[in-house]
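This is a predicted model, so every value here is computed, not measured. Quick note: numbers below take in every heavy atom, side chains included, and nothing from hydrogens, waters or symmetry partners.
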Amino acid sequence: MSLVVPLVAVMLAAAVLVTVLRLLRGPTTLDRVVATDMLLALTLCSLAALAAARVDSSITPVLLIGTLLGFVGSVAVARMVGRRDP
């Protein structure tokens, strides 16, 4: 367990770095929106990893609400892009 937590933190930090690069360099608005959604997912994964490392389930409502907001945001963007492209 002592090696897993730092390894997961490094992997999540690398994913956040790559996603921020995509957010800054994304050629289209859709790329930036997807990168923002990915940042939300990585944040939720980080919170879940923190909860697992501490063996604390009190953060579960935050994960549930964040997941719901991410899903609603993704559906809203998909509908907006779908209306724009015939």
Worksheet item: Can you name the residues that form a side chain to side chain donor-acceptor pair (under 3.5 Å) with Thr29, not counting sequence neighbours?
Response: none
Determine all donor-acceptor pairs shorter than 3.5 Å in which one atom belongs to a side chain in residues 38-52; sequence neighbours excluded.
unit_1, atom_1, unit_2, atom_2, d
Thr43, OG1, Leu39, O, 2.8
Ser46, OG, Leu42, O, 2.9

Sequence neighbours left out, cut at 3.5 Å: what donor-acceptor pairs do the side chains of residues 5-17 make with other protein atoms?
none

Exercise: identify the closest heavy-atom pair between [X] and [Y]:
X	Y	value
Asp37	Gly70	OD1-O, 3.8 Å
Arg32	Leu24	NH2-O, 3.5 Å
Gly26	Asp31	CA-CB, 4.0 Å

Worksheet item: Quick one: does Arg79's side chain get under 4.5 Å of Ser74's, heavy atoms only?
Response: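 No. Closest side-chain heavy atoms not under 4.5 Å.
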Discussion item. Distance check, rounded to the nearest 0.5 Å: Ile59 atom CD1 versus Leu64 atom CG?
Written reply: 12.5 Å
